[in-house]
Number of protein chains: 2
Amino acid sequence: MQVLLKDLARAAGVSEATASRALSGSGRISSETRKRVRSLAEKMGYHVNTLARGLASGKTNFIGVCGAGVLQPFMHRLLSQLASYADRKGQKLIFAPWPLEEGLQVLLSLGIDGLLICWETLSADLAAELRERQLPTVVLGAHSKYCSSFNVDRIGGVKAGISKLISLGHRRIAFVGENAASDKWQGFVEAHREAGLEVSEAVMVPCQGSTLGGYRAKDLFLAAECSAAFATSDEIALGLLKSLEEDGRRIPADYSILGYDGIYLDQLGRPRLATLAQPSSALASKAIEQLFAAPSQVVHQSILPEFIAGDSIGMRG
Amino acid sequence: MQVLLKDLARAAGVSEATASRALSGSGRISSETRKRVRSLAEKMGYHVNTLARGLASGKTNFIGVCGAGVLQPFMHRLLSQLASYADRKGQKLIFAPWPLEEGLQVLLSLGIDGLLICWETLSADLAAELRERQLPTVVLGAHSKYCSSFNVDRIGGVKAGISKLISLGHRRIAFVGENAASDKWQGFVEAHREAGLEVSEAVMVPCQGSTLGGYRAKDLFLAAECSAAFATSDEIALGLLKSLEEDGRRIPADYSILGYDGIYLDQLGRPRLATLAQPSSALASKAIEQLFAAPSQVVHQSILPEFIAGDSIGMRG
DNA sequence: TTGAAAGCGCTACCAA
DNA sequence: TTGGTAGCGCTTTCAA
């Protein structure tokens, strides 16, 4: 049989109320009673029923995680960081890897104490509902009008990466990626301007945001006559790199390639793609911190990606 | 304000009991009342409180997913397949990507209706606890003594893959991977035996199960004087491939490489690694099916990985 | 087919 | 510091 609170209370010779206090950590109670009840709970194999506790207290110690990115490759690092920071606050992460609206309903009906939305923005309607419930919410990897958000400073990150390429002697750098990536394009342009270089739109190599896209972008890239490429995602970078190598070009001797995201940080040893990695550790710690900060404080912050010096960039040949 | 069942009932002019019946789909109730209550619920934005429903009914419609593999790269496909099959049964997946014991406690205290354990086996203790709670449990990607399990037929899969290499003219194939992979080794040997070929232990190239491991295994592989390599994971395969190409060898002209797992199926276009992909779709549908089958029926099944003919294998040069 | 009422297991309030 | 008691929001008997 499942051990219930009343069984525990009876065995300890106290009331259910006292047993509950002993376990929950709050409440006024003698430390001796607490110790006794807790050790007994362990011995008897008692575990609170989360459902009942949540219903009675209105708190579940669950933090819901949803949003487009939840199952994306570069999210592994972020998710495990989030889980570990949350753990220190005694909270557990629950993932709802579905479309935002749907995932949100599940999470809300579970009585989560906080919500993290990853790589997606919040509609006004949803924001209103969340506000009404007073649910602490943080948006990660995007900006939100409605709640605290920790965005990635794509402009600054790309700018720093491109400056690095320029300092390595590259004077004509291709911008390979989906056109929509306008933040990244802006950082790209700013780095050039700061170095006193002109940027022609001819260095823009449009391609789909996949490895295949990068693979197919080779001819356009070569036609752009650049000595280096900035790819707006690591997938693109890897595809392009592969395709250039198959063509007999050497990386980084002939061409330098800089990626974005840091998807393979844990996986690839050498040769490692130089990339602008998502600042997952900073994002995670700030997000969790903010979730438990004064709820009235709405904070917006942008965090720079981390420049990872890999083996795919070098001095201009 | 949050809309509660009693608000809905009052608005519909029925008792809470009736409103509850109208929503839950079971219970005897006139279809007219049901329709009225349901449309009203939608209009008023009513959502059941999962906590309360779970507490009262003992059912949550949640299926817990835990085990070592939950956040591994090749699990993406499996997890989304699981989610979609579960959805058809009106169930939602909840992920607990922590060490098994810990994740299990969270899930159990949530009152899940079923449990999927991925790529891990169940200890006798845990099995006993699950049995006591009568929680339908299925183990995926491993064999279990204690509950239904759908394992991957690694032996048969590798055997088929190696036979394919043999049919392409390869007579001496390296086995690159961690030594622990004994199922795979067995399949490797059987394929040779069936073809009337001898297997020398000299073709065993031990290496760590990472891209870096594969990258470093190059010299040992070359020393083994094989025309093809079977790597026990795609990471290893990719590392080895990369390292050989850097060395000026052409794949598959000079060497054929076959991987295992299918981690990049969705991501990489060309060139695509030939691999033995985890049979995620079959695993997912069978697992969900079994979860709702007669609980007394314990089923054990092994499913063949899917052979993906990529561009990394070819006729012996 | 419906309504009234008794819980599900726990926490929170009040009084002692 | 403790115990009694009234719910949390829902489902599920049992009668009607």
Side-chain angles (χ1 to χ4, degrees), chain A residues 1-38 40-41 44-62 90 105-106 108-113 133-134, chain B residues 1-38 40-41 44-62 90 105-106 108-113 133-134:
Chain A
M1 251 315 280
Q2 172 78 338
V3 184
L4 300 185
L5 185 61
K6 65 178 171 193
D7 303 323
L8 178 62
R10 192 172 307 144
V14 296
S15 69
E16 283 188 56
T18 303
S20 168
R21 279 188 278 259
L23 295 168
S24 65
S26 66
R28 279 101 8 151
I29 192 177
S30 77
S31 65
E32 192 197 350
T33 309
R34 156 165 302 158
K35 219 159 66 182
R36 190 157 44 85
V37 172
R38 289 203 168 178
L40 203 52
M44 298 173 68
Y46 170 80
H47 293 287
V48 287
N49 179 320
T50 305
L51 258 29
R53 168 180 283 181
L55 184 58
S57 70
K59 300 205 149 298
T60 53
N61 285 358
F62 282 131
Q105 281 314 332
V106 174
L108 288 178
S109 77
L110 251 178
I112 53 173
D113 295 345
R133 294 182 180 240
Q134 314 222 43
Chain B
M1 251 313 281
Q2 172 77 339
V3 184
L4 300 186
L5 186 61
K6 65 176 172 196
D7 304 323
L8 178 62
R10 191 171 308 143
V14 296
S15 69
E16 283 188 54
T18 302
S20 167
R21 279 189 277 257
L23 296 167
S24 65
S26 67
R28 279 97 13 144
I29 192 177
S30 76
S31 66
E32 191 196 352
T33 309
R34 156 165 302 156
K35 219 159 65 183
R36 189 157 44 87
V37 172
R38 288 204 168 175
L40 203 52
M44 298 173 67
Y46 171 80
H47 294 286
V48 286
N49 179 320
T50 306
L51 259 29
R53 169 179 283 181
L55 185 58
S57 70
K59 300 206 150 299
T60 53
N61 284 358
F62 281 131
Q105 282 315 332
V106 174
L108 288 178
S109 77
L110 252 177
I112 52 172
D113 295 345
R133 293 181 180 241
Q134 314 221 44

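A quick note: this is a predicted structure, and the numbers were derived from the prediction, not measured.
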Provide, to the nearest angstrom, the distance between the [atom1] atom belonging to [X] and the [atom2] atom belonging to [N].
X	N	atom1	atom2	result
A:K6	C:dG9	NZ	P	7 Å
A:R28	D:dG3	CZ	P	14 Å
A:E16	C:dC8	CD	C1'	13 Å
A:L5	D:dT5	CG	C1'	15 Å
B:L108	C:dG9	CG	P	15 Å
A:N61	C:dT11	CG	C1'	13 Å
B:L8	D:dT11	CG	C1'	15 Å
B:L23	D:dG9	CG	P	16 Å

Quiz item: Which parts of residues 46-54 of chain B get close to DNA chain C, meaning a heavy atom less than 4.0 angstrom away?
Solution: none
Quiz item: Between C:dA4, D:dT11, C:dG9, which nucleotide gets closest to the side-chain atoms of A:L4?
Solution: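 When the side chain of A:L4 is considered, C:dG9 is the closest of C:dA4, D:dT11, C:dG9.
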Self-check item: Among C:dG3, D:dT1, D:dG9, the one nearest B:V14 by side-chain distance
Solution: C:dG3
Under 4.0 angstrom between [X] side-chain N/O and [N] OP1 or OP2:
X	N	answer
B:S15	C:dG3	yes
B:S24	D:dT11	no
A:T18	D:dG3	yes
A:S20	C:dT11	yes

Exercise. Using the side-chain contact (heavy atoms from CB on, under 4.5 Å) rule, take B:L23 and B:L5 through it: C-alpha gap first, then chi angles, then the decisive distance, then the call.
Key: CA-CA 10 Å; B:L23 296 167; B:L5 186 61; 3.9 Å; yes
Would you give the length of the straight line joining atom [atom1] of [X] to atom [atom2] of [Y], rounded to the nearest 0.5 angstrom?
X	Y	atom1	atom2	answer
B:L4	B:M44	CG	CE	9.5 Å
A:L8	A:K6	CG	NZ	13.0 Å
A:I112	B:L51	CD1	CG	11.5 Å

Quiz prompt | Pairing residues for A:N61 by the side chain to side chain contact (heavy atoms under 4.5 Å, CB included) criterion, not counting sequence neighbours | solution = A:Q91, A:D113
Quiz item: Are any non-hydrogen side-chain atoms of A:Y46 and A:D7 less than 4.5 angstrom apart?
Solution: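 Side-chain contact under 4.5 Å: no.
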Quiz item: Run the side-chain contact (heavy atoms from CB on, under 4.5 Å) check on A:R133 and A:L108 step by step: do they pass?
Solution: CA-CA 9 Å; A:R133 294 182 180 240; A:L108 288 178; 3.9 Å; yes
Quiz prompt | Contact nearer the 5' end of DNA chain D, comparing B:L55 with A:S31 | solution =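 Upstream on the strand: A:S31.
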